[in-house]
Amino acid sequence: MNDIFEDLQWRGLIHQTTADELLPGWLSSGSRTVYAGFDPTADSLHVGSLLPLMMLRRFQKAGHRPIAIVGGATGMIGDPSGKSAERNLQTPEQLAANLAGIESQMRHVLDFDSGDVSAMLVNNNDWMSRFSYIEFLRDVGKNFPVNVMLGKDSVKSRLSSEAGLSYTEFSYMLLQAYDFVHLNREHGCELQIGGSDQWGNVTAGIDLGRRMLGAQLYGMTCPLLTKTDGSKMGKTESGAIWLSPERTSPYKFYQYWLNVADEDTGTCLRFLTELERSEIEALDELCVSAPEQRASQKKLAEELTRLIHGSSGLSTALQATEIFFGAEIENLDDRQLIEIFADVPNCELSATELSGEGLGIMDALVKSGLMKSNGEARRSIKQGGIYINNRRVGEIDRRLTVADLTSETVIVLRSGKKKYALLRFSNA
RNA sequence: GGGGGGUUACCGAAGCGGUCAAACGGGACAGACUGUAAAUCUGUUGGCUAUGCCUUCGCAGGUUCGAAUCCUGCACCCCCCA
């Protein structure tokens, strides 16, 4: 059992704990049960969940048992922490679908089949839904002094804001607190981890545990993973980076990490990978002495893509990277191409278009949606911004024929550095 | 209610009878450079069957050989006075 506390500490993953002195010893003197919560607002987790997920993984590897809790019940309510407005409620069907998607992703990160420390995934709706309102008020609610609740940051900030806070959201912390009590009673769970914005909810659970069970529970929060420029990690102009390959292809996922700013790589490597201290520090140095190599980014992207999308996902991402950045496209078959170009719009055309004279390049560009008009297409070609299978097109009157097929049915068009379109020629 | 100003392409903004598909700036796109970064430089930025043709300057009419530019009406916006 390695010293997880020390490891977390040097990585900078410990923001606050409820027992700074006790925790290190407590963790190293036995196998403990730890939990973290995940929000089921979509059918996939996104990059923002990676940090707590990795936390659980670290604990599991250190010999502790992780419990991931998805808030089937609390998800219907919405945590006001760090949120500026009331959350929309979800239907039970949506939630069920979301939970299924999330579970499959967790299996990449946590081991659900390793004896005593097997990870567990639980849904708080399983126990919450059994409560009647009266019972909940009597058993749980009476342990919560309202004046303490009003003192929590999550509540305070909303009370003073224009959006206000509904009674439903106000009650959120009772639910999360009760989760902790339940997990302690049923599974012996004694430590809750979460982002620093969860401090209020975590301590609420610890207080409740003491009142209801007389139990000594612990809490630990980690810093939020933000970029140096203050924006949230995992968000791009085009939306969040998701963990599911359906929502964010392995290529895009890989690229996201490859493009992390130099200043952010150190934190990302510490927070999100399991690389050894010496290796990370070596990468940090390289990042300063030879930034153009982007060794940190490459390592980060590689580690995370392999973890979330597996080796095959990683190799697809690497292959796609090579192609998207200039390599000529050859010796790939339809299946590989379609996998690599998963994010790229494609356009079905009849194979007969290629026979005889062939298909004019400008036509093809417009049909593919890459260009809005012939004029735009003509301009781009003149400027040298159009490529067929990654080979620059020189002439405006270039025609596409069977010889241009790079695989059985595909021709790849590209405009500029990275705008692609796939033309598929079928016989149908 | 009275008076004045405005409405131009993705955005801002010139133009105030022909040489206007409309200056300039931003953005966007492409190229060079580069670390798939930042900055910089260059080019492009209504459509087409393209040395020409068509549609665009709030909307609808009108004057004129000719209108983004002048006139009339309408709509919306801003300012001042009541």
Can you measure Lys419(A) atom NZ to rU36(B) atom C1' for me and round it to whole angstrom units? 17 Å
With a 4.0 Å limit, can you tell me whether Tyr256(A) has a side-chain N or O closer than that to the phosphate oxygens OP1/OP2 of rU36(B)? no
Given the structure, check if the side chain of Gln383(A) and the base of rG43(B) hold any donor-acceptor pair shorter than 3.5 Å. yes
Identify whether any heavy atom of Arg379(A) sits under 4.0 Å from a base atom; if not, whether one sits that close to sugar-phosphate; answer base, sugar-phosphate or nothing. sugar-phosphate
Give me the distance, rounded to whole Å, that separates rA22(B) from rC57(B) when you measure between the C1' atoms they each carry. 8 Å
Would you kindly check whether a donor in the side chain of Glu376(A) faces an acceptor in the base of rU44(B), or vice versa, at under 3.5 angstrom? no
Is the Phe324(A) to Phe341(A) ring centre distance short of 6.0 Å? yes
What I want to find out is whether Asp43(A) reaches Arg247(A) closely enough, with some N-O distance under 4.0 Å, to be called a salt bridge. yes
Atom CZ of Arg414(A) to atom P of rC29(B): distance rounded to whole Å? 15 Å
In whole angstrom, give the distance that lies between atom CE of Met362(A) and atom C1' of rA50(B). 11 Å
If you assign each of Val366(A) and Leu258(A) to its closest nucleotide in RNA chain B, which residue comes earlier from the 5' end? Leu258(A)
Can you tell me how far C1' in rU42(B) sits from the matching atom in rC53(B), rounded to whole Å? 31 Å
Please walk me through it: do Phe180(A) and Tyr35(A) pass ring pair (Phe, Tyr, Trp, His ring centres under 6.0 Å)? CA-CA 8 Å; Phe180(A) 202 170; Tyr35(A) 98 93; 5.3 Å; yes
Between Glu263(A) and Lys227(A), does any NZ, NE, NH1 or NH2 come within less than 4.0 Å of an OD or OE carboxylate oxygen? no
Looking only at rG31(B), rC29(B), rU36(B), the nucleotide nearest the Phe325(A) side chain is rU36(B)
Taking atom P in both rU7(B) and rC70(B), compute the distance separating them and give it to the nearest angstrom. 11 Å
Identify which nucleotide among rG31(B), rG35(B), rC29(B) has an atom closest to any side-chain atom of Arg294(A), counting heavy atoms from C-beta outward. rG35(B)
Classify Asp262(A) by what it touches in the nucleic acid, base, sugar-phosphate, or nothing, heavy-atom distance under 4.0 Å. base
Using the C1' atom as the reference point in each nucleotide, state the distance between rC78(B) and rA9(B) in Å, no decimals. 23 Å
Round to the nearest Å and state the distance from Lys372(A) atom NZ to rU44(B) atom P. 18 Å
At 4.0 Å (heavy atoms only), tell me whether Thr321(A) reaches a base, stays on the sugar-phosphate, or touches nothing. base
For rA30(B) and rA39(B), measure between their P atoms and round to the nearest Å. 16 Å
Rounding to an integer number of angstrom, what distance separates rA75(B) and rA82(B) when you compare their C1' atoms? 25 Å
As its Watson-Crick or G-U partner within any shown strand, both distances under 3.5 Å, rU69(B) has none
Classify Gln293(A) by what it touches in the nucleic acid, base, sugar-phosphate, or nothing, heavy-atom distance under 4.0 Å. nothing
Starting at atom CD of Glu292(A), determine the distance to atom C1' of rC33(B), rounded to an integer number of angstrom. 15 Å
Between Glu302(A) and Leu258(A), is any pair of side-chain heavy atoms under 4.5 Å apart? no
Counting only heavy atoms not in Glu6(A), do more than 12 sit closer than 6.0 Å to its CD atom? no
Is there a Watson-Crick or G-U wobble partner for rG43(B) with both distances under 3.5 Å, and which nucleotide is it? rC29(B)
Atom pair distance, as rounded to whole Å: NZ in Lys227(A) and P in rA38(B): 12 Å
Would you indicate, yes or no, if rC48(B) has its OP1 or OP2 atom less than 4.0 angstrom from a side-chain nitrogen or oxygen of Ser373(A)? yes
Any salt bridge between Asp284(A) and Arg270(A), counting N to O under 4.0 Å? yes
Side-chain ion pair, Asp404(A) and Arg398(A), N-O less than 4.0 Å: yes
Nearest-Å distance, CG (Asp397(A)) to P (rU49(B))? 14 Å
Can you check the distance between rC59(B) and rA68(B), where both ends of the measurement are the C1' atom (answer in whole Å)? 15 Å
Given rC48(B), rA30(B), rU36(B), identify the nucleotide with an atom nearest to the side chain of Asn374(A). rC48(B)
OP1 or OP2 of rU45(B) less than 4.0 angstrom from a side-chain nitrogen or oxygen of Arg378(A), does that happen here? no
Applying the Watson-Crick and G-U wobble criteria at under 3.5 Å, what pairs with rA75(B)? Answer none if nothing qualifies. rU7(B)
Say you pick atom C1' in rU69(B) and the same atom in rU19(B); how far apart are they, in whole Å? 15 Å
rU19(B) -> Watson-Crick or G-U wobble partner, both distances under 3.5 Å, gives none
Strand partner of rU49(B), provided both Watson-Crick or wobble distances fall under 3.5 Å: none
For the pair made of NZ in Lys418(A) and C1' in rC29(B), what is the distance, rounded to whole Å? 14 Å
Answer yes or no: does a side-chain N or O of Asn259(A) lie under 4.0 Å from OP1 or OP2 of rG35(B)? no
